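Naming convention: chains lettered A, B, ... in sequence-line order (proteins, then strands); numbering from 1 in each chain. Keep in mind that this is a model prediction, so the values were computed, not measured.
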2 protein chains.
Amino acid sequence: MYICSKFSTMQSFTEENYLKAIYKLIEQEGDVITTNAIAEKMRTKAASVTDMLKRLADKKLIHYKKYQGVTLTSKGEKIALSIIRKHRLWEMFLVEKLHFKWDEVHEVAEQLEHINSDKLVEQLDKFLSYPKIDPHGDPIPDAKGKLTIPKSNLLSKFNKHDVCIMTGVVDHSSGFLQYLDKAGIALGCEIKIKDVVEFDRSLRVVINKEHTIFISNDVAKNILAILKK
Amino acid sequence: MYICSKFSTMQSFTEENYLKAIYKLIEQEGDVITTNAIAEKMRTKAASVTDMLKRLADKKLIHYKKYQGVTLTSKGEKIALSIIRKHRLWEMFLVEKLHFKWDEVHEVAEQLEHINSDKLVEQLDKFLSYPKIDPHGDPIPDAKGKLTIPKSNLLSKFNKHDVCIMTGVVDHSSGFLQYLDKAGIALGCEIKIKDVVEFDRSLRVVINKEHTIFISNDVAKNILAILKK
DNA sequence: AATAATTTTTAGATTAGTCTAAAAATTAAA
DNA sequence: TTTAATTTTTAGACTAATCTAAAAATTATT
Ligand SMILES: [Mn+2]
Ligand SMILES: [Mn+2]
Ligand SMILES: [Mn+2]
Ligand SMILES: [Mn+2]
């Protein structure tokens, strides 16, 4: 079932989701992506993935040779980036204009990212004053698909006495985001590392010069930050 | 392909569109709707409609007996109204917040109306200050699905010397809406009928006490209005 | 280098939604 | 009240996307 049968340039929701999944796997895993990795990310079976890979290859959206893994063509990458752009702009809209919390936006954005209208995206971008990052600190590709990756590090990599600014998260699950809310940790807040426990690499930190909390290494590995100033 | 396999209450886009089409046909044509009428409205074939009617009947969304036509169950009507509510709220958003023109919103709203999130709809409604009508003058069902139909008449039914207020359109095509723009006729403007030509029932009218134009009976039959004061 | 384990692909089936062509039922006309 | 025209339904086929089970290819281990 096609969204719009009028134009051959149209993708189904499913195709768009595959392209996005492949893009994100390449972004984190490396250059060539396996069938199984896609199956896991898409929560489907390897056989279904193989089917889809053939179709995407036919449409020149991916480079694919049997048993050799997958990369995106520039056409495929362009589509993936436009989906990511829409996802993050909609998340921004939901938080900024409709007062959603940052742990409530992802599911809805998963639907909104497939709405097809260039004018809608550009006007939405303008309405939001051309945001550079989304509510989770992830960069928003510009209209041309250019994405400027902010260079931050895992909080777990910083040292005692470092003062840093929280810039993003690795784990985007609502569970983790709600934990951060409770801990008073939000995007842009100051995190001063008071102590690093040798034994388990857990941290004692001061948030916004206000309150002191302990965070496990597991948590620290899912927080992104940069050194202050 | 279901949008969300988690809940049995979920409809596919296609099912939602059929329910909406049946609702609108009942609204204008009368109580019982034929297979062919649905086929025409959905731009599909009668055989496809019969297939779908069986499925909708299985789900208790319509009352359907072979050869006897279709009506909506209250469950089916509730879904139809929620789709219409979303469609009109999104049109309002596009015009009010993203500065779309009234002839540009329908296609995009056709996509947005299927986004599934109660919170999104209620927050959007609030963000727009709970509008009662959409950019074309059509009433927006409230959160409970209650729809208050504004009682207006075709401009073609009014008489010489009547002064009325434009409240809506029958034809929603962008062609007709663009014609109205050019003629300076917009929702809420005053239309004073200066003359009715016997021969072809065309009208000479004054818009907003500003300019005089001639409109054919064909046009007048597609404009809704109420008497001023 | 041969065998075992793993990954990937094929084969065949299923479901939603669509189509055309033909059969059946209803409605209109003679 | 038969016959003709129209409407609606069935039958059978197609596509996209999915699945399971089995075959083939690749990679790892002896
Ligand atoms: Mn997200
Ligand atoms: Mn995000
Ligand atoms: Mn509309
Ligand atoms: Mn409208």
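- The shortest distance between the side-chain N/O atoms of B/Asn36 and the OP1/OP2 oxygens of D/dT6 is not below 4.0 Å.
- Listed candidates were D/dT9, C/dT18, D/dC19. Nearest to the side chain of B/Thr14 is C/dT18.
- Comparing A/Lys66 and A/Ser48, the nucleotide of DNA chain D nearest to each residue sits closer to the 5' end for A/Ser48.
- B/Tyr64 has a side-chain polar atom (N or O) that falls below the 4.0 Å cut-off from OP1 or OP2 of D/dT9.
- Residue A/Lys41 places its NZ atom among more than 12 non-hydrogen atoms of other residues, nucleotides or ligands, all under 6.0 Å distant.
- Note on B/Arg55: every side-chain N or O is 4.0 Å or more away from OP1 and OP2 of C/dA16.
- A side-chain donor from one of B/Asp138 and B/His172 sits under 3.5 Å from a side-chain acceptor of the other.
- We find that CZ of A/Arg43 is positioned 12 Å from P of D/dC19, with the value rounded to whole Å.
- Between the side chains of A/Thr34 and A/Asn36, no donor-acceptor pair of N or O atoms lies under 3.5 Å.
- Going from atom CD of A/Gln11 over to atom P of D/dA16 covers 13 Å, rounded to whole Å.
- Look at A/Lys45 and you'll find a side-chain N or O under 4.0 angstrom from OP1 or OP2 of D/dT20.
- Within 4.0 Å of A/Thr35, counting heavy atoms only, lie sugar-phosphate atoms of the nucleic acid but no base atom.
- Phosphate contact (OP1/OP2 of C/dT18, side-chain N/O of B/Tyr18, threshold under 4.0 Å): present.
- If you check the side chains of A/His136 and A/His106, you find no donor sitting under 3.5 Å from an acceptor.
- Contact annotation: B/Thr34 side-chain N/O to D/dT7 OP1/OP2 distance is not under 4.0 Å.
- Of the candidate nucleotides C/dT10, D/dT8, C/dG17, C/dG17 has the atom nearest to the side chain of B/Met52.
- Between the C1' atom of D/dC19 and the CG atom of A/Asp51 lies a distance of 10 Å, rounded to the nearest Å.
- Contact between the side-chain N/O atoms of B/Thr44 and the OP1/OP2 oxygens of C/dC19 is found at a separation under 4.0 Å.
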